[in-house]
Amino acid sequence: MGTGVGTVSKRFRNAETGYRKGVLDTEQKISHDSKVWMALFVAILISLALALSAEINRPWIKGVDFNGAVWSQAAHNILRAGLIETSGASSGFYFGPLPIPACG
C-alpha cells in the first residue's frame, strides 16, 4: 500500500474540492434565501400599503379622527392670529373671527 506523496496530495485535493463545493452550496443557499426574504418583504410592504390606503379619501367621521381635527383647527388658529398674540396656546374649539377670546 502506498502512502506516498501522491496519495496524500490526492486526499488533500479531494478534501479541498469538497470544502469548496460546500462553500459554493452555502453561497447559493444564502443567495436563494435572500431572494426569498426580499420577495416576502416586498409582498408584506405592498399589502400594508394597500391596507392603510384602502379608504384614504373618506372624510373624518370616526371618533378616532376627531383628535386630528381639533389639533388641525388649533394650529390654524395659532397661525391665523399669530404666535406672539396667542403665546402658542392652542384653541382647537374656536371657529369665530379674530381676536380669539381667552376662553377660546
Side-chain angles (χ1 to χ4, degrees):
M1 298 220 169
T3 57
V5 176
T7 306
V8 173
S9 176
K10 188 175 182 182
R11 285 183 187 163
F12 179 72
R13 274 187 269 133
N14 288 339
E16 186 177 333
T17 305
Y19 173 75
R20 285 185 184 164
K21 185 178 182 219
V23 168
L24 291 176
D25 289 344
T26 303
E27 288 175 356
Q28 288 173 351
K29 186 173 188 253
I30 290 172
S31 175
H32 175 71
D33 286 348
S34 63
K35 289 178 184 177
V36 169
W37 280 109
M38 184 57 75
L40 184 63
F41 174 73
V42 168
I44 290 173
L45 192 65
I46 289 172
S47 65
L48 285 175
L50 289 174
L52 291 173
S53 64
E55 295 179 16
I56 199 158
N57 61 350
R58 67 175 171 76
W60 285 348
I61 55 172
K62 295 185 179 179
V64 176
D65 295 314
F66 179 72
N67 195 24
V70 170
W71 286 108
S72 172
Q73 182 62 36
H76 173 75
N77 287 338
I78 289 172
L79 292 175
R80 184 170 59 117
L83 189 60
I84 295 173
E85 287 81 10
T86 60
S87 299
S90 62
S91 56
F93 295 104
Y94 183 73
F95 299 97
L98 292 177
I100 299 173
C103 65

In the hydrophobic clustering (ILVMFWY, side-chain contacts below 4.5 Å, transitive), which residues join Leu79, or is it alone? none

Using distance only, find each side-chain donor-acceptor pair of residues 37-53 under 3.5 Å and give its atom names and separation, not counting sequence neighbours.
{"unit_1": "Ser47", "atom_1": "OG", "unit_2": "Ala43", "atom_2": "O", "d": "3.3"}
{"unit_1": "Ser47", "atom_1": "OG", "unit_2": "Ile44", "atom_2": "O", "d": "2.8"}
{"unit_1": "Ser53", "atom_1": "OG", "unit_2": "Ala49", "atom_2": "O", "d": "2.7"}

Residues forming a side chain to side chain contact (heavy atoms under 4.5 Å, CB included) with Ala75, sequence neighbours excluded: none

Sequence neighbours excluded, which residues qualify as side chain to side chain contact (heavy atoms under 4.5 Å, CB included) partners of Leu98?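 If we apply the side chain to side chain contact (heavy atoms under 4.5 Å, CB included) test to Leu98, skipping adjacent residues, the hits are Arg80, Ala81, Ile100.
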
Among all residues two or more places apart in sequence or in another chain, which pass the side chain to side chain donor-acceptor pair (under 3.5 Å) test with Glu85? none

